[in-house]
Asks: 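Below: one structure in structure tokens.
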Amino acid sequence: MEEVPHDCPGVGSAQAGRGASCQGCPNQGLCASGAGAAPDPAIEEIKEKMKTVKHKILVLSGKGGVGKSTFSAHLAHGLAEDENTQVALLDIDICGPSIPKIMGLEGEQVHQSGSGWSPVFLEDNLGVMSVGFLLSSPDDAVIWRGPKKNGMIKQFLRDVDWGEVDYLIVDTPPGTSDEHLSAVQYLAAAHIDGAVIITTPQEVSLQDVRKEINFCHKVKLPIIGVVENMSGFICPKCQKESQIFPPTTGGAEVMCQGLKVPLLGKVPLDPRIGKSCDKGQSFLVEAPDSPATLAYRSIIQRIQEFCSLRQPKGENLVGS
Amino acid sequence: MLRVQGKAVHQCDSGWVPVFVDQEQSISLMSVGFLLEKPDEAVVWRGPKKNALIKQFVSDVAWGQLDYLVVDTPPGTSDEHMAVVDAMRPYSPLGALVVTTPQAVSVGDVRRELTFCKKVGLRVIGVVENMSGFVCPHCAECTNVFSRGGGEELARHAGVPFLGSVPLDPTLTRSLEEGRDFIRGFPKSPAFPALSCIAQKILNEAPVGLS
């Protein structure tokens with residue numbers, strides 16, 4: 001798809017090709033003919049590609065800064081600790097691709113092969129893809145509008161040679177916009193196991209999680225559960241607990257009870273998490289005794305249990 | 001955060017009326033939050049629709065006489081950011097305040113934000129390092145929960161002013177949860193001096209009354 005005009009009404013909309021801003025757009029004829037409203041052939045191509053991917057998990061958050069990418073990375077690390085489990089981590093935060101840094105893969109490049117783009121392998125069983133690998137400098141900004149971001153996501157899903165994968169984890173930017181719609185739409189025929197939603201305990205964060213949950217319902221995306229991050233802080237000196245982000249309305253626990261969504265676990269704040277991510281190391285390995293590591297491991301296990309109840313081809317053994 | 005959830009936006013002859021958050025009517029607010037039927041409604045819009053609303057927020061809201069218009073943006077360098085820069089350009093914005101947390105992972109993304117500002121010709125007023133250390137209320141030990149130093153380092157690397165660090169402060173978080181006026185209510189709280197100092201620096205940039 002060529003660059004679209006500033007006020008593109010959207011290729012699927014009723015105004016496609018007919019709106020005032022369509023004048024002069026190279027795709028005007030295509031949209032006006034109704035061709036844009038036809039299903040994107042990439043959806044079928046992606047369905048084929050995803051046949052070698054058993055489980056697909058989207059990691060979402062309503063708000064920025066709640067630890068979504070940190071969680072996605074450690075979910076990948078945790079699953080890949082079993083060398084017989086093939087894990088793939090796809091970063092679709094096009095403007096803020098932090099996964100390469102968190103995984104210690106900054107500066108790596110993506111290679112082309114006959115079967116498509118090769119992900120960057122951290123371990124034999126852990127492959128990563130991010131727009132970060134396509135940028136030449138850490139200062140490069142990706143100043144793209146929605147349609148171009150969508151195109152990139154399509155390419156990531158269709159053209160990356162993931163190979164045989166047990167778990168594909170998709171890390172997203174915060175919100176409910178282009179990237180999320182595209183991921184859901186392009187994976188529509190390939191069946192996503194579900195979404196994990198990350199929050200922090202305060203109401204200001206939970207408000208956005210409720211919207212995220214509604215988004216999941218709207219697009220019929222199953223919810224694996226909610227993770228409450230930054231849930232309490234133990235002072236390294238006096239060992240007393242403080243609530244840096246107070247759960248003034250009961251935190252994720254109360255919200256999950258009310259909305260009948262599973263609470264997968266609560267991860268306390270440990271300053272070593274940030275340090276591990278900055279160094280590109282797995283926190284689970286760096287701080288195996290931390291209460292945060294124990295929380296992560298328990299959450300990862302629950303996610304595996306959820307996925308194992310779903311057949312790879314999308315049929316449920318147990319009603320969802 | 002400003003305790004005006006659920007308020008409605010009204011129309012007047014000169015456009016949409018922003019919502020006042022205080023008795024003195026010194027702070028007014030416009031947000032898509034006011035346009036939702038239900039607070040938990042998800043706004044599942046692609047770029048073009050978001051751009052259109054942002055344009056309307058700038059051109060169709062009857063802001064009246066203002067000393068400062070502060071625009072809060074989502075993370076990233078995409079539709080919303082381009083839309084608001086385009087819409088505000090005719091009004092010569094003072095510039096951008098760029099907020100980061102101290103860790104390298106955050107700074108890694110914010111570097112790109114600074115590049116965005118440069119590319120679109122938006123002056124950077126300065127960098128603020130948020131969540132910069134936590135003072136334990138029990139023993140007063142300061143822990144760098146999200147590492148330290150990244151904000152200052154970033155400002156230096158990019159050649160822009162470093163405006164200051166704001167520590168993690170549960171009183172501030174709680175105030176925002178309850179929509180209370182933190183500045184008036186908790187002047188002795190750890191975050192207050194930092195926030196005051198940063199605000200003062202911005203006021204010094206463009207004293208009110210000079211255009």
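Below, chain A is the first sequence line, B the second, and so on; all start at residue 1. Note: hydrogens, waters and symmetry copies are ignored here, and every other heavy atom, side chains too, is used.
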Asks: Need one label for B:Leu36: side chain, backbone, both or neither, based on atoms under 4.5 Å from any heavy atom in chain A.
Replies: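 Answer is side chain: those atoms of B:Leu36 sit under 4.5 Å from chain A.
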
Asks: What residue in A:Val204, A:Ile143, A:Leu135 has the most heavy-atom pairs under 4.5 Å with chain B?
Replies: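 Of A:Val204, A:Ile143, A:Leu135, A:Ile143 has the most heavy-atom pairs under 4.5 Å with chain B.
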
Asks: So how far is it from A:Asp178 CG to B:Ser78 OG, rounded to the nearest 0.5 Å?
Replies: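 Going from the CG atom of A:Asp178 to the OG atom of B:Ser78 covers 7.0 Å.
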
Asks: Got a second to check how far A:Arg210's CZ is from B:Lys38's NZ, nearest 0.5 Å?
Replies: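 Rounded to the nearest 0.5 Å, the CZ-NZ separation comes out at 14.0 Å.
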
Asks: Side chain, backbone, both or neither: which part of A:Gln243 has a heavy atom under 4.5 Å from chain B?
Replies: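 Only the backbone of A:Gln243 comes within 4.5 Å of chain B.
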
Asks: Could you pull out the closest heavy-atom pair between B:Ser147 and A:Asp278, with the gap in Å?
Replies: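 Closest heavy-atom pair between B:Ser147 and A:Asp278: OG-OD2, 3.4 Å.
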
Asks: Tell me the closest heavy-atom pair linking A:Asn214 and B:Glu41, and the distance in Å.
Replies: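 Heavy atoms of A:Asn214 and B:Glu41 come nearest at ND2-N, 4.3 Å.
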
Asks: Taking the inter-plane angle between the rings of B:Phe134 and A:Phe233 on a 0 to 90° scale, is it parallel (under 30°), tilted (30 to 60°) or perpendicular (over 60°)?
Replies: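 Perpendicular, since the angle between the ring planes exceeds 60°.
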
Asks: Of the backbone (N, CA, C, O) and the side chain (C-beta and beyond), which part of B:Thr143 lies under 4.5 Å from a heavy atom of chain A, both, or neither?
Replies: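 Interface part for B:Thr143: side chain.
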
Asks: Looking at A:Gln207, A:Lys63, A:Glu203, A:His217, which one has more heavy-atom pairs under 4.5 Å with chain B than the rest?
Replies: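 Result: the option with the highest number of such pairs is A:Glu203.
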
Asks: Tell me, do B:Arg112 and A:Pro97 make a side-chain contact under 4.5 Å, heavy atoms counted?
Replies: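 Yes. Closest side-chain heavy atoms under 4.5 Å.
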
Asks: In terms of heavy-atom proximity below 4.5 Å to chain A, should B:Asp40 be classed as side chain, backbone, both, or neither?
Replies: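 Both parts, heavy atoms under 4.5 Å.
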
Asks: Can you tell me if B:Gln5 has over 12 outside heavy atoms packed within less than 6.0 Å of its CD?
Replies: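 Not buried by this count: 12 neighbours or fewer within 6.0 Å.
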
Asks: State the CZ-CG distance between B:Arg46 and A:Asn150, to the nearest 0.5 angstrom.
Replies: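 B:Arg46 atom CZ to A:Asn150 atom CG measures 4.5 Å (nearest 0.5 Å).
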
Asks: Using a cut-off of under 4.5 Å for heavy-atom pairs, which of A:Gly175, A:Gly280, A:Ser182 has the most such pairs with chain B?
Replies: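 Of the candidates given, the most pairs with chain B belong to A:Ser182.
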
Asks: Heavy-atom distance under 4.5 Å between the side chains of A:Phe245 and B:Leu168, does that happen here?
Replies: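 SC-SC contact between A:Phe245 and B:Leu168 confirmed.
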
Asks: Measuring from atom CG of B:Leu176 to atom CD of A:Gln202, what distance do you get when rounded to the nearest 0.5 angstrom?
Replies: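 Output value for this atom pair is 9.0 Å.
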
Asks: At their closest point, which heavy atom of A:Ser98 faces which heavy atom of B:Val105, and how far apart are they?
Replies: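 Residues A:Ser98 and B:Val105, closest heavy atoms: CB-CG1, 3.8 Å.
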
Asks: With a 4.5 angstrom heavy-atom cut-off, could you sort out which part of B:Lys50 is near chain A: side chain, backbone, both or neither?
Replies: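 Just its side chain gets close to chain A.
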
Asks: Name the region of A:Lys149, side chain, backbone, both or neither, that has any atom closer than 4.5 Å to a heavy atom of chain B.
Replies: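 Just the side chain, heavy atoms under 4.5 Å.
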
Asks: Checking A:Ile213 against chain B: side chain, backbone, both or neither under 4.5 Å from a heavy atom?
Replies: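 It is neither, since no heavy atom gets under 4.5 Å.
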
Asks: If I measure from the heavy atoms of chain A, does B:Phe116 come under 4.5 Å with its side chain, its backbone, both, or neither?
Replies: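 The answer is both parts of B:Phe116.
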
Asks: For chain B, which candidate among A:Gly146, A:Ser205, A:Ala141, A:Ser137 shows the most heavy-atom pairs at distances under 4.5 Å?
Replies: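 So the answer, after comparing A:Gly146, A:Ser205, A:Ala141, A:Ser137, is A:Ala141.
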
Asks: Is B:His157 in contact with chain A via its backbone, its side chain, both, or neither, using a 4.5 Å heavy-atom distance?
Replies: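 It is the side chain, since no backbone atom gets that close.
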
Asks: For the candidates A:Gly64, A:Cys235, A:Pro173, which exhibits the highest count of non-hydrogen atom pairs separated by less than 4.5 Å from chain B?
Replies: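 The option with the most such pairs is A:Cys235.
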
Asks: Are B:Pro170 and A:Ser242 side-chain neighbours, meaning at least one heavy-atom pair lies under 4.5 Å?
Replies: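 Sidechains of A:Ser242 and B:Pro170: no contact.
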
Asks: Return the minimal non-hydrogen interatomic distance between B:Ala42 and A:Lys211, and the atom names on each side.
Replies: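 B:Ala42 and A:Lys211 have their closest heavy atoms at CB-O, 3.2 Å.
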
Asks: Roughly how far, to the nearest 0.5 Å, is CE of B:Met82 from CZ of A:Arg145?
Replies: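 Atom-to-atom, A:Arg145:CZ and B:Met82:CE are 4.5 Å apart.
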
Asks: Return the option, out of B:Glu178, B:Met1, B:Arg111, B:Arg174, with the maximum number of heavy-atom pairs under 4.5 Å with chain A.
Replies: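 Heavy-atom pair counts peak at B:Arg111.
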
Asks: Identify the two heavy atoms, one from A:Cys238 and one from B:His138, that lie closest to each other, and give their separation to 0.1 Å.
Replies: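 Looks like SG-CB, 4.0 Å.
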
Asks: Could you grab the distance from atom CH2 of B:Trp45 to atom OG1 of A:Thr176, nearest 0.5 Å is fine?
Replies: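 B:Trp45 atom CH2 to A:Thr176 atom OG1 measures 10.5 Å (nearest 0.5 Å).
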
Asks: So for B:Pro75, is it side chain, backbone, both, or neither that comes closer than 4.5 Å to the heavy atoms of chain A?
Replies: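 Contact with chain A is through the side chain of B:Pro75 alone.
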
Asks: If I measure from the heavy atoms of chain B, does A:Gln239 come under 4.5 Å with its side chain, its backbone, both, or neither?
Replies: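 No part of it gets close to chain B.
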
Asks: Who wins among B:Met131, B:Glu141, B:Glu177 for the most heavy-atom pairs under 4.5 Å with chain A?
Replies: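 Most heavy-atom pairs under 4.5 Å with chain A: B:Glu177.
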
Asks: For B:Gln103, is it the side chain, the backbone, both or neither that has a heavy atom under 4.5 Å from a heavy atom of chain A?
Replies: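 For B:Gln103, heavy atoms of backbone and side chain both lie under 4.5 Å from chain A.
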
Asks: Taking every non-hydrogen pair under 4.5 Å, which of B:Asp79, B:Thr173, B:Thr115, B:Val43 racks up the most with chain A?
Replies: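 Most heavy-atom pairs under 4.5 Å with chain A: B:Asp79.
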
